[in-house]
There are 2 protein chains.
Amino acid sequence: MTDRVVPAADRQRRRPTKQGVVLSAELIVETALRLIEEHGADALSVRRLGRALGADPSSLYRYFRHTDDLMLAIADELIGRTLRVWRPTGDWRADLRDLGLRMHTGALAHPRAAMLSAHRVTGRVHEIQAVESMIGVLRRAGFPDPEAVRIYHAFVDQALAFGALDSAVTALPRAAQQAEAEVWRDTYARLPADTHPNIAATARHLVASMRTSSYPAALDLLLTAAQTRLDHIRAQTEG
Amino acid sequence: MTDRVVPAADRQRRRPTKQGVVLSAELIVETALRLIEEHGADALSVRRLGRALGADPSSLYRYFRHTDDLMLAIADELIGRTLRVWRPTGDWRADLRDLGLRMHTGALAHPRAAMLSAHRVTGRVHEIQAVESMIGVLRRAGFPDPEAVRIYHAFVDQALAFGALDSAVTALPRAAQQAEAEVWRDTYARLPADTHPNIAATARHLVASMRTSSYPAALDLLLTAAQTRLDHIRAQTEG
DNA sequence: ACCTTATGACAACACCGTTGACCTGTGAAG
DNA sequence: CTTCACAGGTCAACGGTGTTGTCATAAGGT
């Protein structure tokens with residue numbers, strides 16, 4: 001077999017499956033996303049997806065080389081949805097903050113998909129658009145090219161990494177999730193001051209903080225550091 | 001079957017396998033870690049682990065309820081190893097930097113375990129020790145309690161999130177991993193300047209940067225922002 | 001109306017985690 | 001010593017997985 005996949009653009013023979021469904025890459029991706037959200041990340045298998053579509057599992061290999069290919073298509077679709085609602089204003093720091101928060105909440109809206117795709121490079125249209133936009137924001141802000149790339153890399157990976165981490169938490173079974181919250185209240189908050197002075201002194205803040213994601217804080221720290229760097233660069237070029 | 005697992009402490013009948021190996025939870029964990037290190041993350045399956053140990057795969061279910069159980073045992077072992085080699089010096093920034101990098105490389109040394117445990121709160125001794133140490137470092141540096149907790153939370157989640165993210169990349173099949181590297185060279189680096197000016201202008205830096213983890217950069221940005229915050233706080237309390 | 005061929009279907013392969021039933025050596029009790 | 005309960009190793013099987021070689025057929029261009 002050389003390659004059973006035909007590029008989406010070249011497809012024309014829209015032949016329905018036995019159950020009357022007309023397949024397409026888009027339909028497959030949509031169905032996969034629905035499957036993941038409704039029945040969990042483990043619900044995504046070629047066979048189950050085929051069943052959900054009303055098609056033989058092997059038919060999907062006419063559209064995607066292998067499951068990994070499909071994962072990338074799903075990831076790109078998610079990127080596209082996030083980017084589509086982002087409206088940059090020209091204020092680099094506010095724009096990046098907005099985008100970061102959107103990426104994070106976007107991931108949390110599809111936790112299982114986010115967990116499976118956060119670490120993938122798709123090289124597809126939506127991702128390319130996103131990269132172009134982000135680097136553009138940084139360069140227009142005045143960051144020299146190497147610095148812009150460095151900060152872009154850290155920024156995007158941090159958004160994806162926290163998105164996946166926080167998604168993993170929400171994907172935990174209800175019981176396990178509640179149990180983890182209780183560990184902070186019942187274990188950490190009760191440690192005696194003589195053996196664990198620092199935890200005891202900050203217990204109240206710990207319990208409060210650990211209930212929520214630290215991503216907004218981490219994002220602000222990253223942007224603050226970038227701002228510092230930018231001020232430094234501007235001072236140098238002026239002086 | 002009620003439960004085929006017997007607590008490690010209660011075990012006494014040390015019966016060798018057909019191939020003469022005497023099993024134990026420790027031996028299984030060690031062998032699993034070796035397997036991951038030597039043959040990649042996807043080399044770890046119950047069947048392969050059984051083969052590597054010289055035992056029937058189903059024997060392992062006498063020691064661990066299921067694979068997840070085994071993964072957690074492995075993760076627990078890793079936390080211990082990381083913390084055991086950390087020696088704080090008193091310089092808060094250097095100490096946190098050192099710990100962050102150790103956590104990250106510790107995760108990368110055993111990607112599968114890192115991916116499964118990054119988002120879990122164990123409440124066990126090693127974890128508690130780590131929390132106490134980190135918050136202690138920040139408080140001694142002069143951060144007020146709410147600020148110390150905020151930065152601790154962002155710091156530890158960042159280390160865990162990047163550890164898991166980068167682990168996921170290395171856990172990818174060889175082929176997929178190489179394919180991703182090629183996307184930057186063959187797709188991004190070849191985009192024309194008229195449609196994607198920002199990517200075209202920074203292509204060289206992008207290809208170089210994307211080859212490596214952005215965690216060190218992200219960590220330094222976080223620490224820089226923390227330093228800025230600390231300077232600000234000190235100026236206020238002095239003035 | 002014909003012919004090509006894209007595309008769907010089928011069957012098979014080699015793997016996976018997990019479990020119920022079985023067998024046997026171990027170690028303690030008599 | 002011998003006995004004997006049973007921990008712990010083994011076997012075979014189940015239902016799942018991704019993937020591929022082969023075949024059948026309907027769609028579309030000529």
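These values consider heavy atoms only, across backbone and side chains, with no hydrogens, waters or symmetry-generated copies. We name chains A, B, ... by the order of the sequence lines, and we start the count at 1 in each one.
The pair B:Arg34-B:Glu30 does not meet the salt-bridge criterion, since no charged nitrogen lies less than 4.0 angstrom from a carboxylate oxygen.
Side-chain polar atoms of A:Asp145 and B:Thr202 form no donor-acceptor pair below 3.5 angstrom.
Applying the side chain to side chain donor-acceptor pair (under 3.5 Å) test to B:Arg120 and every residue at least two apart in sequence or in another chain returns B:Asp68. Judged as a salt bridge (charged side-chain N to carboxylate O under 4.0 Å, His left out), and not counting sequence neighbours, the contacts of B:Arg102 are B:Asp98. The ring pair (Phe, Tyr, Trp, His ring centres under 6.0 Å) search around B:Tyr215 returns B:His104, B:Phe162, not counting sequence neighbours. By the salt bridge (charged side-chain N to carboxylate O under 4.0 Å, His left out) test, B:Arg185 pairs with no residue at all, sequence neighbours left out. Residues forming a side-chain contact (heavy atoms from CB on, under 4.5 Å) with A:Val183 (at least two apart in sequence, or on another chain): A:Thr187, A:Tyr188, B:Val121. In this structure B:His110 satisfies the ring pair (Phe, Tyr, Trp, His ring centres under 6.0 Å) test with no other residue, sequence neighbours excluded.
In this structure, B:Arg4 places its CZ atom 11 Å from P of C:dA21, rounding to the nearest Å. Distance B:Arg62 CZ to C:dT18 P: 15 Å, rounded to the nearest Å. Rounded to whole angstrom, the span from the CZ atom of B:Phe64 across to the P atom of C:dT19 amounts to 16 Å. Put simply, CG on A:Leu53 is 15 Å from C1' on C:dT7, counting in whole angstrom units. Distance A:Leu70 CG to D:dG18 P: 10 Å, rounded to the nearest Å. Atom CG of A:Leu60 is separated from atom C1' of C:dA6 by 16 Å (rounded to the nearest Å).
When distances are taken from the side chain of A:Asp56 to each of C:dC10, C:dT7, C:dA21, the shortest belongs to C:dC10.
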Give me the distances for all protein-to-nucleotides 15-17 of chain C N/O pairs that come in under 3.5 Å?
residue : atom : partner : partner atom : Å
C:dC16  : OP1  : B:Ser45 : OG           : 3.0
C:dG17  : OP1  : B:Val46 : N            : 2.9
C:dG17  : OP2  : B:Val46 : N            : 2.9
C:dG17  : OP2  : B:Arg47 : N            : 3.3
C:dG17  : N7   : B:Arg47 : NH1          : 2.1
C:dG17  : O6   : B:Arg47 : NH1          : 3.0
C:dG17  : O6   : B:Arg47 : NH2          : 3.3

Under 3.5 Å, N/O pairs linking protein and nucleotides 4-7 of chain D:
residue : atom : partner : partner atom : Å
D:dC6   : O2   : B:Arg13 : NH1          : 2.5

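Under the 3.5 Å distance criterion, the side-chain polar atoms of B:Thr195 are left unmatched by any main-chain donor or acceptor of B:Leu191. When atom types are taken as modelled, the side chain of B:Ser59 and the backbone of B:Ala55 share no donor-acceptor pair closer than 3.5 angstrom. Between the A:Trp86 side chain and the A:Asp95 main chain, a donor and an acceptor come within less than 3.5 Å of each other.
Residue B:Ser59 places at least one side-chain N or O closer than 4.0 Å to OP1 or OP2 of D:dT10. Listed pair B:Tyr63 / D:dG9 meets the phosphate criterion, a side-chain N or O lying under 4.0 Å from OP1 or OP2. Dashed line: the shortest gap from a side-chain N or O of B:Lys18 to OP1 or OP2 of C:dT24 is not under 4.0 Å.
Taking for each of B:Pro16 and B:Arg65 the nucleotide of DNA chain C with the nearest heavy atom, the 5'-most of the two is the partner of B:Arg65. A residue-by-residue look at B:Ser58 and A:Ala55 shows that A:Ala55 has its nearest nucleotide of DNA chain C further toward the 5' end.
The stretch residues 19-36 of chain B has no heavy atom under 4.0 angstrom from DNA chain C at all.
Computed from C1' positions of five pairs at each end, the angle between the two local axes of the helix from C:dA1-D:dT30 to C:dG30-D:dC1 equals 10°, rounded to 10 degrees.
Counting only residues at least two apart or on different chains, the salt bridge (Lys or Arg N to Asp or Glu O under 4.0 Å) pairs with a member in residues 206-220 of chain B are B:Arg97-B:Asp220. Residues in residues 123-134 of chain A take part in no salt bridge (Lys or Arg N to Asp or Glu O under 4.0 Å) pair, two or more places apart or across chains.
In this structure, A:Glu38 places its CD atom where more than 12 heavy-atom neighbours from other residues, nucleotides or ligands lie under 6.0 Å away.
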